[in-house]
2 protein chains.
Amino acid sequence: MAANSRLTIAVHALTWMALSERRGRQVLTSDQVATSVRTNPVVIRRSLGDLRRAGLVTVRHGVGAGWSLARPPHEITLLDVYAAVEPEPLFALHHSEPNLECPVGRGIRPALGRFYGDAEQALRRQLAGASIADVLDETLETGHQ
Amino acid sequence: MAANSRLTIAVHALTWMALSERRGRQVLTSDQVATSVRTNPVVIRRSLGDLRRAGLVTVRHGVGAGWSLARPPHEITLLDVYAAVEPEPLFALHHSEPNLECPVGRGIRPALGRFYGDAEQALRRQLAGASIADVLDETLETGHQ
DNA sequence: CTTGCTGTAACAGAAGCTGTTACAGCAAGC
DNA sequence: GCTTGCTGTAACAGCTTCTGTTACAGCAAG
């Protein structure tokens, strides 16, 4: 359990919402999503809260409350989801500042920052190439067997 | 401290070793590396141990012991280092298996595995394009100011 | 045999994630 | 207006990981 599964939870929720929408049910409660993901409703509400703040889903309060997609599934990319639930950079620099009397210690942080930025950018470009609609199609193809 | 700094520690160590080598000192102790990184020598030994298992550095025991690069710096890519110190996949799937009675729960794991694999591949391709020699050059350029 | 470093175990403190309980807030509809 | 059902969020426990640290056995050069 080294890596975290936040992206997985969020994508699962959105994919399930996309399928429900296709079937005519526009609004899902956190309880219904939690049943599919098999976790606690609060975990889902936390995740959908991130997605709401990013403008990917909308929420209705009161009786008949629940969540809906804010955009059609093919307009929600995995990068949108990643950016919404993973605010931290992929690689961390040193916890404590390295020795500035060493030439390497002096220059390595900005240098690494640039290499890390390029690497993360490559990841983001790839994530931007797939949408929730793609995940749903691929999921149904596998699940039908 | 969400992300971990293992890649940073390892690259810093290798970069410092590359500079020392260029200056004629072939062997460095974990204590000397730790002074530049400003951490405990055991942390360095753990990191260099990973790199040794991956064949990127060699170690000498006994009196006059220490570490050396196993290859010239331009032949050690950031992907080599990443692979050596980060065995875990970038994104985790669900902790507990999702609900298999739901079409999404049934197919989403293999589907996500494929999308995650593609994303990680993009990251690795980018990391493979830079070497320790590149990091050293960039570091010295910044540090000279 | 001395010496200096590696290799590794063991442990503490801090932090993050997941899962859970609890409860206030909100709005639709009777 | 009141009931009802859901959201939003705080608080907490258990688990895991990471960093930093101490301690000590093992190894090889001289």
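These figures come from a predicted structure and were not determined experimentally. Every chain is numbered from 1, with letters handed out A, B, ... down the list of sequences.
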Novice: Could you let me know what D:dC15 is paired to, Watson-Crick or G-U wobble, both distances under 3.5 Å, or none if it's on its own?
Specialist: C:dG16
Novice: Would you tell me whether B:S96 and A:R38 have side-chain atoms, one donor and one acceptor, within less than 3.5 Å of each other?
Specialist: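 B:S96 vs A:R38: no donor-acceptor pair found between side chains.
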Novice: Examine distances only and state if a side-chain atom of A:D137 and a backbone atom of A:D134 form a donor-acceptor pair shorter than 3.5 Å.
Specialist: no
Novice: Using the closest heavy atom to pick a nucleotide of DNA chain C for each, name whichever of A:R6 or A:G64 lands nearer the 5' end.
Specialist: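 Nearest nucleotide further toward 5': that of A:R6.
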Novice: Using purine N1 to pyrimidine N3 plus N6-O4 or O6-N4 for Watson-Crick, or N1-O2 and O6-N3 for G-U wobble, both under 3.5 Å, which nucleotide pairs with C:dA9?
Specialist: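 Base-paired to D:dT22.
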Novice: Are side-chain heavy atoms of B:I108 and A:W16 found at a separation under 4.5 Å?
Specialist: no
Novice: Return the 5'-most residue of the pair B:E86, B:G62 with respect to DNA chain D, ranking by each residue's nearest nucleotide.
Specialist: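 The 5'-side residue here is B:E86.
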Novice: In terms of ring plane angle, is the pair B:Y82 and A:F91 parallel, tilted or perpendicular, where the classes change at 30° and 60°?
Specialist: perpendicular
Novice: Take atom CG of B:N4 and atom P of D:dG20, then tell me their distance rounded to the nearest Å.
Specialist: 12 Å
Novice: In whole Å, I'd like the distance from the CZ atom of A:R38 to the P atom of C:dT20.
Specialist: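 Interatomic distance, CZ of A:R38 to P of C:dT20: 12 Å.
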Novice: So, for B:E120 and B:L90, which heavy atoms are closest and what is the spacing to 0.1 Å?
Specialist: OE1-N, 3.1 Å
Novice: Is the phosphate of D:dG8 approached by A:R45 (side-chain N or O, under 4.0 Å from OP1 or OP2)?
Specialist: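 A:R45 to D:dG8 OP1/OP2: no side-chain N or O under 4.0 Å.
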Novice: Rounding to an integer number of Å, can you tell me how far A:L7 CG sits from C:dC17 C1'?
Specialist: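 Result: 15 Å.
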Novice: Picking from D:dC6, D:dC27, C:dT18, which would you name as closest to the side chain of A:S5?
Specialist: C:dT18
Novice: Tell me: CG of B:N40 to P of D:dC18, nearest whole Å?
Specialist: 17 Å
Novice: Strictly below 4.0 Å: does B:S30 bring a side-chain N or O up to OP1 or OP2 of C:dT6?
Specialist: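 Result: yes.
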Novice: Should A:H61 be listed as having a side-chain N or O under 4.0 Å from OP1 or OP2 of D:dG8?
Specialist: yes
Novice: A:T29 side chain: which of C:dT3, D:dC6, C:dG19 is closest?
Specialist: D:dC6
Novice: Could you state the CD1-P distance from A:I9 to C:dT18, rounded to the nearest angstrom?
Specialist: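 Computing the A:I9:CD1 to C:dT18:P distance gives 7 Å.
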Novice: From CG of A:L48 over to C1' of D:dT7, roughly how many Å is that when rounded to an integer?
Specialist: 11 Å
Novice: Under 4.0 Å between a side-chain N/O of B:T39 and OP1 or OP2 of D:dG20, yes or no?
Specialist: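 For D:dG20, OP1/OP2 do have a side-chain N/O of B:T39 under 4.0 Å.
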Novice: Whole angstroms only, please: what is the CH2-C1' distance between B:W67 and C:dG4?
Specialist: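 So the CH2-C1' distance, B:W67 to C:dG4, works out to 15 Å.
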Novice: What's the CG-C1' distance between A:D50 and D:dT9, to the nearest Å?
Specialist: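 Taking atom C1' of D:dT9 as the reference, CG of A:D50 is at 13 Å.
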Novice: So does A:R46 reach the base of C:dG19 with its side chain, donor to acceptor, closer than 3.5 Å?
Specialist: yes
Novice: Name the pairing partner of D:dA29, where a pair is Watson-Crick or G-U wobble with both distances under 3.5 Å, or state none.
Specialist: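 In the structure as shown, D:dA29 has C:dT2 as its Watson-Crick or wobble partner.
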